[in-house]
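Worksheet: one structure, shown below.
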There are 2 protein chains.
Amino acid sequence: MSLPHAILTALLEKPSSGLELTRRFDRSIGFFWSATHQQIYRELGRLEGEGLVRASGPGAGRGQRKEYEVLPAGRERLREWVGQAQDPKPIRDPLLLRLRAAAVLGVDGLGEELARHRELHRAQLAEYLEIERRDFPPERAETENRLQHMVLQAGIQLESFWLAWLDQALEQD
Amino acid sequence: MSLPHAILTALLEKPSSGLELTRRFDRSIGFFWSATHQQIYRELGRLEGEGLVRASGPGAGRGQRKEYEVLPAGRERLREWVGQAQDPKPIRDPLLLRLRAAAVLGVDGLGEELARHRELHRAQLAEYLEIERRDFPPERAETENRLQHMVLQAGIQLESFWLAWLDQALEQD
DNA sequence: GAAACCATGTAACACGTTACATGATTTG
DNA sequence: CAAATCATGTAACGTGTTACATGGTTTC
């Protein structure tokens, strides 16, 4: 049940067309909730049907840009969702599963793949740190954007964890 | 494409019935790849249809226990999957999304929810540490079960990350 | 023999992924 | 006007979730 709420959040930050939303789901929001344009158009249709968002623009079908904005009912819906208790989901990671499979098969040629993942996590960490440097410089007082910074730090610390863990794993290899 | 491979891995570790598999997906394997019994039965049917596993036992339909074991073709299929390159998925976390939504809504009553999550992560960390104490005592030489221990340590370190991050978040609150 | 539990399954739906289709606008 | 790009959409399928259905075995 997260995608519609992710879209409402993104539209509250800035009213957008479907394609603009898609681009933002490749960057900022997408860092912790990704979605393809197909998912986004489908969900925008539903949200409009429920009266939670409103489209303006030429309107008719294909090729015509439509801009969506959140209606009061949509804001209310999002507020309810934010207030609900939701348990954290257990870890779901194919790499850990592959290690377990490798263990039972007696395979040990995973070093290259681990190194490749380390490189990808290193790059992602660098990107997050660059964003932090740009958007959260130390001199800026943190009151209004405290929550945004916390979210970014979660990303930074998670990538740091993977880097450290993969280093550890490769040492043993 | 992970569930069938998770099942093949579990069945290689120990041939089982659907219900036994379900129980193991609530514990060990489930710590990083969970599944419900409905998913498991559906997938066992497919794996049998593809000739990757074999069922023995009374056989006919409801209420009759069937035991599944992996066939050579299944082992080969798993080996191929383990060897494939697969990129890590970006983070997908509803809690981070909720923080971002709270930021744009101007809501700040998330302290209780953060504290609740901290307690859940604390409990999970304790469980992992207990498993480590039991299954990987320091005196035991680590050669054969090195991979299993690495996977467990990923779980431990991830839970530790969440605990530290939530502490940090609650301090600021 | 009723209740609890073991065991396997169906159905419907929500969500995510991949491939493809179509129209409008800009740029060389 | 051809190509590239912007923009919206359909279709099909795989996976995950929730609710419900059915039969067999043990235990009181």
key: Touch class at under 4.0 angstrom, heavy-atom based, for A:Ser17 against every strand present   = sugar-phosphate

note = A:Glu50 atom CD is separated from C:dA14 atom P, nearest whole Å, by 11 Å

message = From OH of A:Tyr41 over to P of C:dT18, roughly how many Å is that when rounded to an integer?
response = 18 Å

ask   = Below 4.0 angstrom from OP1 or OP2 of C:dA11, is there any side-chain N or O of B:Arg42?
value = no

note = Checking C:dG16, D:dT8, C:dA7 against the side chain of B:Arg65 (C-beta onward), the nearest is C:dA7

message = Protein within reach of the bases, or only the backbone? For nucleotides 21-26 of chain C, mark each nucleotide 5' to 3' as B, S or -, using heavy atoms under 4.0 Å.
response = BBBS--

query = When you check the gap from the basic side-chain N to the acidic O, do B:Arg116 and B:Glu119 get nearer than 4.0 Å?
reply = no

request  = Could you tell me the separation between the CD1 atom of A:Ile40 and the P atom of D:dT10, rounded to a whole number of Å?
outcome  = 16 Å

query = How long is the line joining CG of A:Leu47 and P of D:dT8, in whole Å?
reply = 15 Å

message = A side-chain contact here means heavy atoms from C-beta on lying under 4.5 Å apart; do B:Leu120 and A:Asp87 qualify?
response = yes

note = Taken to the nearest whole Å, CE/A:Met1 to C1'/D:dG16 is 15 Å

task = Scan residues 67-113 of chain A for pairs that pass ring-ring contact (aromatic ring centres under 6.0 Å, His included), counting only residues two or more places apart or in two chains.
result = A:His5-A:Trp81

ask   = What integer distance in Å separates A:Leu44:CG from D:dT10:P?
value = 13 Å

task = Examine distances only and state if a side-chain atom of A:Arg98 and a backbone atom of B:Gln84 form a donor-acceptor pair shorter than 3.5 Å.
result = yes

query = Between B:Arg46 and B:Glu48, is there a salt bridge with N-O shorter than 4.0 Å?
reply = no

query = CG of B:Asp87 versus C1' of C:dT17: gap in Å, rounded?
reply = 15 Å

inquiry  = If you only use heavy atoms from C-beta on, which nucleotide in D:dC6, C:dT8, C:dG16 is closest to the side chain of A:Leu19?
reply    = D:dC6

5' priority, DNA chain C, between A:Trp33 and B:Glu67 [closest heavy atom] = B:Glu67

query = Any salt bridge between A:Arg122 and A:Glu159, counting N to O under 4.0 Å?
reply = no

message = Can you tell me which nucleotide in C:dA11, C:dT17, C:dC15 comes closest to the side chain of B:Gln38?
response = C:dA11

inquiry  = I need the CZ-C1' distance between B:Arg46 and D:dG14, as an integer number of Å.
reply    = 7 Å

A:Lys89 vs D:dG16: side-chain N/O to OP1/OP2 distance below 4.0 Å = no

inquiry  = For the residue pair A:Arg118 and A:Trp162, would you count it as a cation-pi contact if the rule is NZ or CZ under 6.0 angstrom from the ring centre and within 45 degrees of the ring axis?
reply    = no

